[in-house]
Amino acid sequence: MSISKTYLPKETEDKWYSYWLKHNFFKSVPDEREPYTIVIPPPNVTGVLHMGHMLNNTIQDVLVRRARMKGKNACWVPGTDHASIATEAKVVAMLKERGISKKDLTRPEFLTYAWEWKEKYGGIILDQLKKLGASCDWDRTKFTMDEELSEAVIDTFIHLYKKGLIYRGVRMVNWDPQGKTAVSDEEVIRKEINQKLYYINYEVVSSEFLVLSEKETQNSKLKTQSYLTIATTRPETIMADAAICINPNDERYVHLHGKRVFIPLINREIPVILDEYVTMDFGTGCLKVTPAHDLNDYELGQKHNLPVIDILNDDGTLNEKAQILVGEDRFIARKKIAVLLEEAGALAKVEDYKSQIGFSERTDAVIEPKLSMQWFCKMGEMAKPALEYVLDGEVKLIPEKFINTYRHWMENVRDWNISRQLWWGQQIPAWYLPNGEFVIAKNIEEALKEAQLKTQNSQLTTADLTRDPDVVDTWFSSWLWPISVFDGFKDPNNADINYYYPTNDLVTAPEILFFWVARMIMAGHEFRGAAPFKNVYLTGIVRDKLGRKMSKSLGNSPDPLELIEQYGADGVRVGMLLCSPAGNDLMFDVSYCEQGRNFANKIWNAFKLIKGWEVDSSLANPNEIAIEWFGSRFNQALGEIEDNFTQYRLSEALMATYKLVWDDYCAWYLEMIKPAYQQPIDAVTYNATVAYFENILKILHPFMPFLTEELWHDELFGERDTLDCCIVAQLPNIGEINTQLLTEVEVVKVILTQIRNIRQTKQISPKDALELSYKSNSGINYQQYQAIIAKLGNISTFTAVNDKVLGAVNFLALTDEFFIPLNENIDPVAECARLNKEKDYLLGFLKSVNAKLGNERFMANAKPEVIEIELRKKADAEAKLQIIEQNLVDLAC
RNA sequence: GGGAGUUUAGCUCAGCUGGUUCAGAGCAUCUGCCUUACAAGCAGAGGGUCACUGGUUCGAACCCAGUAACUCCCA
């Protein structure tokens with residue numbers, strides 16, 4: 001039979017994925033085994049698979065597959081997130097294309113369209129993940145708006161409200177005056193804009209000005225001025241001013257402490273307040289405080305109990321509270337007010353000024369900070385235990401550097417605005433009464449009961465109640481995810497939640513450490529009394545090789561499915577992991593996938609080689625050493641890989657595996673034992689080699705599931721039962737390691753490299769056999785490696801000598817000398833130069849070692865093992881030096 | 001403005017408690033090979049003032065201080 005020259009992923013991937021599905025290998029039900037659980041960070045229903053998902057899910061799949069192969073009951077729960085803002089935008093856009101405006105629809109009508117959209121597109125990512133090989137338990141697929149999950153959201157809201165953790169309050173939102181809606185911070189695009197900075201004079205209220213003390217009068221240059229000057233980019237908001245703020249440390253303005261000033265044009269009196277918040281060297285050092293129209297001013301206003309005067313309508317025009325320019329658009333008002341100020345003599349000057357302005361992603365309108373009534377969830381109380389989990393190490397963040405960021409955030413946590421002015425999502429369970437009061441209840445019937453109780457009015461009917469139109473933030477459902485996917489709210493003692501919760505690992509991006517991870521920990525503590533996971537592996541952002549974030553608009557992101565098409569799922573998985581240190585961004589380049597594909601091909605070809613051998617059981621085994629060596633090397637690597645996994649160093653675990661397979665197994669072991677062309681192999685070697693290969697498939701499987709499953713079922717490994725699959729094979733245990741053998745083979749490798757180097761430099765064909773003799777000073781018994789050296793170095797005779805072979809090319813391995821006589825004479829000048837160079841290096845080395853050993857403080861302070869090491873270095877260097885010096889003498893240099 | 005992080009070979013990164021292996025790996029590069037598993041390969045080689053400046057120490061890529069550049073988070 002003929003085997004293809006390269007590995008062909010397309011012929012295996014779909015086949016084995018459906019085989020795994022068919023035989024329920026991804027399925028998990030609670031049993032007596034130790035569970036290993038991951039809940040997927042649910043991708044948005046609006047999304048398509050991007051490189052970030054590829055990375056994130058490759059990592060999860062590697063972890064899950066490895067756990068499965070360690071005998072654990074592995075459960076990876078998949079699902080999607082309803083992403084209220086993004087999805088609603090998509091649905092609105094879809095409706096617009098059909099000529100339907102959201103305004104013309106009732107809420108239920110709109111939701112029908114939204115569900116229709118979700119059913120059609122919501123599962124795309126999950127289907128794409130299957131191409132990657134994701135071994136999720138698909139029967140457990142959840143959606144954040146599934147009935148039980150939504151019910152959990154509502155119940156949670158009510159629970160927290162009753163506990164006093166949810167309240168209504170005023171908050172500054174990003175208002176889009178064109179779309180007449182609040183938008184989230186993520187939907188605001190900041191741009192640097194050329195603007196004007198207007199310097200405006202405010203007259204100081206004169207009666208108070210007169211009581212200036214003489215000292216103050218002398219202190220200030222402004223002493224005789226009856227006004228102060230502020231600088232602002234928004235002169236149209238002066239009518240909403242509530243105060244002027246100066247820094248108490250600002251010596252220029254000491255005379256203003258406790259004074260009041262008039263707002264120009266409208267002559268309303270406002271106080272001068274003191275706060276260190278004001279930057280003295282920006283503008284004039286006098287800040288106009290406009291609580292209704294600036295977030296920082298709002299907070300300042302809260303602190304100083306200032307009134308909030310909102311002079312803008314929802315569409316961005318001035319309202320009657322502005323007193324002047326009522327009805328004008330904010331930008332027209334800005335121009336007109338500049339003229340008015342000028343005419344009134346209140347405009348000191350105008351300067352050009354650059355600053356960041358927010359624009360609405362949807363309408364491109366300039367965002368207006370606007371105060372509005374929102375629902376909030378108190379965070380302070382919940383943040384405390386959530387911080388403790390991480391500080392105690394009960395929840396480990398990987399890498400640890402994120403603990404600092406996490407702590408900083410949790411110690412300065414702000415209340416969470418959980419309402420969104422949207423329809424798609426869980427509607428807030430609040431009903432308003434005619435008198436403006438509200439009740440919180442699970443449904444309208446209960447709301448009515450509550451309302452009647454509250455008002456003592458049994459005449460109230462459901463018609464008197466109006467439900468809050470807003471929905472809760474999407475994170476308010478995803479923070480429950482690790483509990484709600486196991487139905488842990490409605491049925492808090494069910495078998496699943498008791499078995500799978502807390503989950504083991506969470507793999508996600510650092511940018512949602514606060515939005516999501518921290519809040520899940522809070523919810524876990526609040527509702528289960530336990531953190532939702534033990535380890536949080538934070539991946540980096542996938543960037544292109546220029547370091548730019550991959551994005552649709554830049555067009556710098558490869559299509560993951562095309563990558564899989566081109567390099568195979570295994571190749572792409574390897575490619576992703578090769579460039580993904582935990583927590584650091586990764587500079588992705590397709591060349592990594594190419595490396596992955598090449599690796600798959602290398603494994604395929606090793607298989608082809610072994611597959612082609614014919615066994616002759618009458619032959620003796622000439623490869624005892626090689627077999628024992630690889631066994632030791634394999635066990636050693638197994639330990640390194642395990643260690644890397646324990647520390648979540650996945651790319652290093654992969655690299656250790658890569659080198660074990662490519663270098664140790666293929667380049668060294670197989671070359672050592674490979675029979676001559678068309679010659680049969682002995683049974684012992686053959687069986688050992690096949691067994692090693694099978695073990696290699698196991699350790700490769702989490703990284704390269706398709707290729708390994710394909711090879712696993714080859715007849716090379718004998719008959720397999722239907723359920724005897726690589727995916728559920730148990731990883732080998734670490735066996736004996738013969739360290740002496742490992743060290744000696746490393747020396748053998750050095751010898752072979754030296755021989756090859758000599759061939760290369762002397763232009764000797766690998767086909768021409770060479771004679772090698774050696775003088776052993778180290779005590780290594782080279783005779784047992786004779787066969788290997790002879791085979792890999794093409795050495796015809798290998799003899800031990802007591803005296804140096806004069807006139808031969810020579811080299812050192814450790815302190816042992818090797819000689820290869822050549823027909824040509826060696827160039828004494830070049831040889832002397834080489835030896836002298838070596839000698840100089842050794843002398844320098846020895847000098848530094850001796851300096852340490854001769855240093856009293858070193859001898860007194862260094863640990864005994866360190867001194868031991870230095871002594872050995874000295875002895876080695878001296879032994880080598882002696883040999884080199886003898887060579888120099890012999891050559892009469 | 002506040003906080004955090006990064007800086008080691010052309011690229012992406014390791015380097016754990018300061019001490020053979022401390023200057024490493026993979027890729028890329030260069031040289032020679034179509035040697036019957038693999039040219040998506042084999043063999044060999046070159047490549048670095050560990051960002052900079054000081055300090056601590058017998059000893060610093062590693063600890064401390066400062067400087068610079070870049071990145072992220074919060075505002």
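Proteins get letters first, then strands, A, B, ... in listed order; numbering begins at 1 in each. Just so you know, these numbers come straight off a predicted model, no measurement behind them.
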Side chain of A:His408 (C-beta onward), nearest among B:G3, B:G26, B:A14 | B:G3

With both distances under 3.5 Å as the test, what is the Watson-Crick or G-U wobble partner of B:G46?
-> none

For B:A45 versus B:C52, give the span between their C1' atoms, rounded off to a whole number of Å.
-> 33 Å

Just call it for A:Glu671: base, sugar-phosphate, or nothing, with non-hydrogen atoms closer than 4.0 Å on any strand.
-> base

Nucleotide opposite B:G1 in a Watson-Crick or G-U pair, distances under 3.5 Å | B:C74

Is there a Watson-Crick or G-U wobble partner for B:A14 with both distances under 3.5 Å, and which nucleotide is it?
-> none

Please report, rounded to the nearest Å, how far the P atom of B:A75 is from the NZ atom of A:Lys303.
-> 17 Å

Ion pair present between A:Arg834 and A:Glu838, side-chain N to carboxylate O less than 4.0 angstrom?
-> no

Tell me, with the steps shown, if A:Asn598 and A:Glu594 meet side chain to side chain donor-acceptor pair (under 3.5 Å).
-> CA-CA 6 Å; A:Asn598 293 354; A:Glu594 200 177 312; 4.8 Å; no

Reckon A:Lys5 has a side-chain N or O less than 4.0 Å from the OP1 or OP2 of B:A39?
-> yes

Given B:U12, B:A14, B:U21, which nucleotide is nearest the side-chain atoms of A:Phe845?
-> B:U21

Please tell me which of A:Tyr658 and A:Gln678 maps to the more 5' nucleotide of RNA chain B, matching each residue to the nucleotide holding its nearest heavy atom.
-> A:Tyr658

Base, sugar-phosphate, or nothing: which does A:Arg759 touch, judged by heavy atoms less than 4.0 Å apart?
-> nothing

B:A51 and B:U57, which share atom name P, separated by this distance in whole Å = 23 Å

Answer for the Watson-Crick or wobble partner of B:C34, both distances under 3.5 Å, is none

Would you mind telling me which of B:U35, B:U20, B:A37 lies closest to the side-chain atoms of A:Ala606?
-> B:A37

Is the shortest side-chain N/O distance from A:Lys873 to OP1 or OP2 of B:U20 below 4.0 Å?
-> yes

Have a look at A:Glu868 and say if it touches a base, only the backbone sugar-phosphate, or nothing, with a 4.0 Å heavy-atom cut-off.
-> nothing

Considering all heavy atoms of both residues, which atom of A:Ala383 and which atom of A:Val413 are nearest to each other, and what is their separation?
-> CB-CG1, 3.9 Å

Nucleotide by nucleotide, nucleotides 40-45 of chain B touches protein heavy atoms under 4.0 Å in the pattern (B base, S sugar-phosphate only, - none) BSSBSS

What are the two closest non-hydrogen atoms of A:Gly793 and A:Leu752, and how far apart are they?
-> N-CD2, 3.5 Å

Are the charged groups of A:Lys611 and A:Glu715 less than 4.0 angstrom apart, N to O?
-> yes

Specify the separation, in whole Å, of atom CG of A:Leu650 and atom P of B:C13.
-> 16 Å

Among the candidates B:A25, B:U35, B:A37, find the nucleotide nearest to the side-chain atoms of A:Lys659.
-> B:A25

A:Lys674 near the nucleic acid: base, sugar-phosphate alone, or nothing, with a heavy-atom cut-off under 4.0 Å?
-> base

Provide the closest heavy-atom pair for A:His293 versus A:Arg234 in the form atom of the first, atom of the second, distance.
-> O-NH1, 3.9 Å

Specify the closest pair of heavy atoms between A:Phe588 and A:Val590, including all atoms of both residues, with the distance to one decimal.
-> CE2-N, 4.0 Å

Between protein and nucleic acid, restricted to nucleotides 55-58 of chain B and to nitrogen or oxygen atoms under 3.5 Å apart, what atom pairs and distances do you find?
residue: B:C58; atom: OP1; partner: A:Arg857; partner atom: NE; Å: 2.6
residue: B:C58; atom: OP1; partner: A:Arg857; partner atom: NH1; Å: 3.2
residue: B:C58; atom: OP1; partner: A:Arg857; partner atom: NH2; Å: 2.1
residue: B:C58; atom: OP2; partner: A:Arg857; partner atom: NH2; Å: 3.4
residue: B:C58; atom: O2'; partner: A:Asn855; partner atom: ND2; Å: 2.9

Hey, are the side chains of A:Tyr669 and A:Asp664 touching, using non-hydrogen atoms and a 4.5 Å cut-off?
-> no

Can you say whether the rings of A:Phe599 and A:Trp662 are parallel (under 30°), tilted (30 to 60°) or perpendicular (over 60°)?
-> parallel

Any strand, both distances under 3.5 Å, Watson-Crick or G-U wobble: B:U57 pairs with none

Classify the angle between the aromatic ring planes of A:Trp712 and A:Phe717 as parallel (below 30°), tilted (30 to 60°) or perpendicular (above 60°).
-> parallel

Once you round it to whole Å, what is the distance between C1' of B:G2 and CG of A:Asn404?
-> 15 Å

Base partner of B:A39, which must satisfy Watson-Crick or wobble distances under 3.5 Å = none

To the nearest Å, how far apart are A:Leu577 CG and B:U12 P?
-> 18 Å

Between B:U71 (C1') and A:Glu511 (CD): distance, integer Å = 13 Å

Mate of B:U6 across any strand shown (Watson-Crick or G-U wobble, both atom pairs under 3.5 Å) is B:A69

Using a cut-off of 4.0 Å on non-hydrogen atoms, how would the nucleic acid contact of A:Arg407 be classed: base, sugar-phosphate, or nothing?
-> nothing

When all nucleic acid strands are considered with a 4.0 Å heavy-atom cut-off, which category describes A:Phe607: base, sugar-phosphate, or nothing?
-> nothing

Taking the inter-plane angle between the rings of A:Tyr665 and A:Phe693 on a 0 to 90° scale, is it parallel (under 30°), tilted (30 to 60°) or perpendicular (over 60°)?
-> tilted

Would you say the ring centroid of A:Tyr406 lies under 6.0 angstrom from that of A:Trp409?
-> no

base_contact_polar (B:A28 base, A:Gln595 side chain, donor-acceptor, <3.5 Å) = no

